[in-house]
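I have placed the structure first, in the form of structure tokens, so that the comments after it can refer back to it.
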There are 2 protein chains.
Amino acid sequence: MNFSQMIKDQDLFTAFKGLGLGIERECLRTAKDSQLAQTMAPKALGKRADHPYLITDFGEAQPEIITPPASSINETVQWLQALHDVYLRSLEHDEYLWPFSMPNVLPQDDEIDIIQVPEQFELDYRNFLADQYGKKLQMISGIHFNFSFSQDFLDRLYQAYSGPDTFKDFRDELYLKLTRNFLRYHWLITYLFGAAPYADGSFYESTTHPKEPPASYMRSLRNSSYGYHNFTNVQVPLTSVEDYAHKIQDLVRDQVIIEEREFYGDARLKNSQGSSQTLLDEGIEYVELRCIDIDPYAEFGISQDELEFIHLFLMAMVWIDEDADEEAVAKGNDLNSNIATLHPHEEIPAEAKEEGFRILDAMTYLVKHADLPASYLNQVDQAKAALKDPKLTLASQIIKDLKEKDYLDMGRDIGQANLAKAWDKPFLLRGFHQMEMSSQLLLFDAIQRGIEARVLDEDDQFLELNYKGHVEYVRNGNQTSKDNYISHWIMANKTVTKLILAELGYQVPSGKEYSSLDLAIADYPAYKNKALVVKPKSTNYGIGISIFKKPFSQEAYEKALAIAFKEDSSVLVEDYIEGTEYRFFVIDGKTRSVLLRKPANVLGDGKHTIKELIQAKNDDKLRGDNHRAPLTNIKMTELEALMLDQQGYDFDSVPKEGEEVYLRENSNISTGGDSLEVSDQVDPSYKAVAEAMAQDLEVKVSGIDLIIPDIHQATTPDQPGYTMIEMNFNPAMNMHAYVYEGLGRRLTQDVLNMLYPELPKRPNH
Amino acid sequence: MNFSQMIKDQDLFTAFKGLGLGIERECLRTAKDSQLAQTMAPKALGKRADHPYLITDFGEAQPEIITPPASSINETVQWLQALHDVYLRSLEHDEYLWPFSMPNVLPQDDEIDIIQVPEQFELDYRNFLADQYGKKLQMISGIHFNFSFSQDFLDRLYQAYSGPDTFKDFRDELYLKLTRNFLRYHWLITYLFGAAPYADGSFYESTTHPKEPPASYMRSLRNSSYGYHNFTNVQVPLTSVEDYAHKIQDLVRDQVIIEEREFYGDARLKNSQGSSQTLLDEGIEYVELRCIDIDPYAEFGISQDELEFIHLFLMAMVWIDEDADEEAVAKGNDLNSNIATLHPHEEIPAEAKEEGFRILDAMTYLVKHADLPASYLNQVDQAKAALKDPKLTLASQIIKDLKEKDYLDMGRDIGQANLAKAWDKPFLLRGFHQMEMSSQLLLFDAIQRGIEARVLDEDDQFLELNYKGHVEYVRNGNQTSKDNYISHWIMANKTVTKLILAELGYQVPSGKEYSSLDLAIADYPAYKNKALVVKPKSTNYGIGISIFKKPFSQEAYEKALAIAFKEDSSVLVEDYIEGTEYRFFVIDGKTRSVLLRKPANVLGDGKHTIKELIQAKNDDKLRGDNHRAPLTNIKMTELEALMLDQQGYDFDSVPKEGEEVYLRENSNISTGGDSLEVSDQVDPSYKAVAEAMAQDLEVKVSGIDLIIPDIHQATTPDQPGYTMIEMNFNPAMNMHAYVYEGLGRRLTQDVLNMLYPELPKRPNH
């Protein structure tokens, strides 16, 4: 079939670049001294069988990170970042991930633990592999690149086809061509990206399968005969899906391999159902490429550049006119092995070089016609340069660095640096760091607990969660199916909330609602001697609120009304209640956190200026700007200067030791305020009140603001110790997780506990 | 106790005017010929015992309209309007409500049916009354005025009090003073508002209790000895609550009256629990005034003017220094009866006149000090004039009119005019006509079905419904507790809706979302030959949508994008789907209505100009403006002119007979479009699809827009006949109830059926 002709004729170049992609990254947990970790896999990730992304492979210390099927390289990179963040932050010991395909310092064979799972068939399989190939070989890690074309491309290509084949046969033919040509030319990938030039001595020492180390560096030990391959009696033809599947079935039947998955070709034909039988029944859905080494310089095992190069390379494998036969495939495999065995500085045979340029030219053509980003062209150009000069290849770069630094030191330094990066901002989840922080925390916790997660709409903070078929949607971190629609509207309407709660006997400030400025102004005489709050009816976040604690002028009152009416067409004038405001965060019937917010402030030490104290306080990693950190940097604007001025200070004043100086009147975290978690100090009676309010309004998630003069004094029906100010729907959660003082509460765990009662509950701290 | 001194000292005038008010209006259902209706009470109102507002009193033809407790006269007036609308539109026969206190044409005693209810004690009580007083006397109707001061006033007045009384005793003292003084001076109300000068001859003809008609008109037959009162052996003292309650208990014990409710004083002391025992235990909560006649000129039985006058009069009864003793009360009762018996043109005794002016002066003082609206002062001034000139009283006005028109004709004409007003705009509910139409429909249906309803926030369309303690909140007519919170957010996000539905196998247009104008423009080449829809992602109501059915220029495309981006920060570019758009309205699992909307149009007749055809079409009462009618007037702006121009017409063209001329491209009802109900035409398979979508998204209320080329051709999984365009949360309901063509569906009934499964289901048509 002439696929390139169809693509040209129908101008399918744009569709041609559409892909489905999934990456599996194997690696090793490593102890401080570059030794294989002898500990158990992180408990936070739960049972292997239950986890969609972060599992343990052959050995207990051998994690495998699996990205979900994605339709773009960007999405795959996002997931690689996020999954590494979750994995690294789940490590319990002083461990990191080994950044090379070839192992760290391995112990004796019998001290390499295979995974500890309850499933006997998994143990049997691994014990068999250990016997057959040796445990040390199992410790080699790599990247598996699972590739498909987009359904849209396949449909349109098939439309352009006029032959007798069914869609399934047609698609099989396409993927077979891709796979055969890939095996014919994958030496180019190994040449450019081979990254396993060296292994520690411990790799070769085995009681059962000892090996002699090679005389010198090679491009890829893993792709050479030192790697982990089937024995030579395992040859599977790619002439048709039938030939391929039947051969694998024969090999298992004849006990040449113990299970189908023991076939380790550099490329495997795949159906999402997994077995060779479904491959026969339903055809090839994607191709798994298994020859790619881990790039130690890529923080997540493979770089975006390399992903783009391979994507384009695979397009070329379909595009080029030739279609490798079995002989050509065998030749390609040999070439790959040979080139892997060469010293990284060594030139490859001229004939290979020539065919390499031919492939790269085809790729250049495709970049232009498929309108691929400039970075793709850049990859091809770099590959062309590297084809001319072996020293520009990845393996060559590694051995250059190995001159400066020992292999084990280099692995440790990179691994530990990557670990530090994962912990740099633990309140963010890389890959999804553009989302609101609460959604990032929720995504982190969901992934860690083995819940499949999908971002349906990043701008709208819309997530789909799926645990073994139980689907839940979450927006903004805590908007879920568990809350009912009208409760949210009750909370959104402060007048209605107060009306209902007051009738149920709760303490609320008395007040009046105005939808006209004039009517509100007319009531000034009734208010002038009271302590009052003037606020917009429906907005959140404390915007537009004015407070009068002492008798006030009509001018001041009118100004406050004007400010409030700017935010909403209705304004509330309420009694001002003396006391401190606390946020009670109720989820699923229980108060999960109680937060006190203090206005931006510094504590004097008798030595430093206010400016210096602010700078020191802002050095905290928890402080940042633009909602990218749980606390906000204290600013030094006119507003803060004015506030200092009222206290007789400026930024250069030196407050005395122990003196608390406030920079702001309002306590919002977004203007530099401090968050203090006080769940353990507050009398339990207040939590019971908040929980009762939520229950009465049938609310599952609410941030209830109570004014309480003394949190140590219990509230009783006869002597109520609180006044309810607001019930907030969709309250911010991140400020409870990372607090200035106290024990932070990770409320996203409570949300997940509520959504998935079938999962073991996790505490929020 | 010197209440006026306390009010003055503490400046409690503002609080003093705060009130609680409930009105009961008795009346008679009347047949066309001014005869008492012989039919059953309207079935739509359900069982008497279940209805909070609209019940049947003594006779089957004797409805009683009861407003809920309100804290302002405006609110009471709202409810009087709404309850009359509901009652009048619930009448099944050619009947109306008699507008006088004195009855219509009554049949023989034995043909006056007492109410037909299952409760035997109710029947026994009424049979006793019929025997005791005669059925005809029972047919007299009146207004009961239930009055209390606001809790705020009572609390503040009690704070100003320094004596030994408890709050309960203090409050009792206040209401006792009010009641005693009221009885002393209520002759003034009868003088001014007495409105029962005449009765039809049939009133006097009785087989058991015949009476001689009076020689001439009198001010109020009802307040005279012709009215319905206890026998003279029923005298209840107002010296204390104990005296009052014990006397009533004695009367019942001694079988002078059969039940406590048979005590018919012109004023009764009341506790919300009802019995004299709770009155003793919990004190007086309000006072019931029973002497007020129905004002035939007031559409709802009593005018806002009269309500204001009585309110102020009651304030004066507390304000004046004197406090009537038993003798004074007796004097007042006599005076009332005497003045009621006078001819309406007759002057009252000079002594009475003098005390009348004293009361009115106190009222004038209160208007000024309590800062009451100008209308109050107006009432007092009119009363002063009427005190001088009896011809200015209500009774006098009535007998003046009776010179022009027979009593029975006058009653019929007023009653039928009131009925016509209730039907003038049946899609609105007077009293609540400022609310959105869907909320008005829902309120109407809830009230009719006997569900207590309360407007928590009129601007926010927020209702509280309560059926025997089962409380439900409804916002915007169909936002309820039955829907879950996230489903609404799914529908609010068109991309997410499509994503989820597509994965579930439903037909949705393929498309792409853009959050950048540049990226959207860059894709022009991929779109230029397609039929496309460009629309904002999140807005509803068809705003900002452009459609390209033929190949289009980049300029046109960019303009469409600019329009869409003006509405939302994200824009969808979707395939345009051929076919007609239908709105499937799903409530609680079933498709309750299918609506086709046609752009504004007129049908030519070969005679009239387009302008004339538009004017004729706009004459339909269903058409209006500003969302005050289910259909909208067709406009004649530049847009319509342009549309005509494209068809070669202007407003003066005369289209030929049967020719449909469109005035608009878009089919929105708000721009003059027609609504066509097609539930019965559409193949059931489409309803099943809409229902399945709602079920899959766990949505209880949704307006699902499907494009269907042929509604008569079933959709099947293999040959889907539809494409889902949008799922709308909180879809408009009123346009389904009153349609241009077809059988309208009252979806508010379906909402109530869903919220209250314990109620008998009602069909929506």
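Worth saying up front: this structure is predicted, and the values here are computed from it rather than measured. Sequence lines set the chain letters: A, B, ... in the order given, protein chains first and strands last, and positions in each chain run from 1.
Proximity to chain B (any heavy atom under 4.5 Å) is restricted, for Val474(A), to the backbone atoms N, CA, C and O. For chain B, the nearby parts of Leu456(A) are the backbone and the side chain; heavy atoms of each come within less than 4.5 Å. Of the two parts of Ile490(A), the backbone and the side chain both hold a non-hydrogen atom closer than 4.5 Å to a non-hydrogen atom of chain B.
With sequence neighbours excluded, the residues that form a ring-ring contact (aromatic ring centres under 6.0 Å, His included) with Phe16(B) are Phe149(B), Phe153(B).
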Note each donor-acceptor pair with a separation under 3.5 Å, taking one atom from chain A and one from chain B.
{"residue": "Arg454(A)", "atom": "NH1", "partner": "Glu503(B)", "partner atom": "OE2", "Å": "2.8"}
{"residue": "Arg454(A)", "atom": "NH2", "partner": "Glu503(B)", "partner atom": "OE1", "Å": "2.9"}
{"residue": "Arg454(A)", "atom": "NH2", "partner": "Glu503(B)", "partner atom": "OE2", "Å": "3.1"}
{"residue": "Asp457(A)", "atom": "OD2", "partner": "Asn493(B)", "partner atom": "ND2", "Å": "2.9"}
{"residue": "Asp457(A)", "atom": "OD2", "partner": "Lys537(B)", "partner atom": "NZ", "Å": "2.1"}
{"residue": "Asp460(A)", "atom": "OD2", "partner": "Asn493(B)", "partner atom": "ND2", "Å": "2.7"}
{"residue": "Gln479(A)", "atom": "NE2", "partner": "Tyr485(B)", "partner atom": "OH", "Å": "2.7"}
{"residue": "Thr480(A)", "atom": "O", "partner": "Ile486(B)", "partner atom": "N", "Å": "3.4"}
{"residue": "Asp483(A)", "atom": "O", "partner": "Tyr485(B)", "partner atom": "N", "Å": "2.8"}
{"residue": "Tyr485(A)", "atom": "N", "partner": "Asp483(B)", "partner atom": "O", "Å": "2.8"}
{"residue": "Tyr485(A)", "atom": "OH", "partner": "Gln479(B)", "partner atom": "NE2", "Å": "2.7"}
{"residue": "Ile486(A)", "atom": "N", "partner": "Thr480(B)", "partner atom": "O", "Å": "3.4"}
{"residue": "Asn493(A)", "atom": "ND2", "partner": "Asp457(B)", "partner atom": "OD2", "Å": "2.9"}
{"residue": "Asn493(A)", "atom": "ND2", "partner": "Asp460(B)", "partner atom": "OD2", "Å": "2.7"}
{"residue": "Glu503(A)", "atom": "OE1", "partner": "Arg454(B)", "partner atom": "NH2", "Å": "2.9"}
{"residue": "Glu503(A)", "atom": "OE2", "partner": "Arg454(B)", "partner atom": "NH1", "Å": "2.8"}
{"residue": "Glu503(A)", "atom": "OE2", "partner": "Arg454(B)", "partner atom": "NH2", "Å": "3.1"}
{"residue": "Lys537(A)", "atom": "NZ", "partner": "Asp457(B)", "partner atom": "OD2", "Å": "2.0"}

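In this structure the side chain of Leu499(A) never reaches within 4.5 angstrom of the side chain of Phe462(B), judged on heavy atoms.
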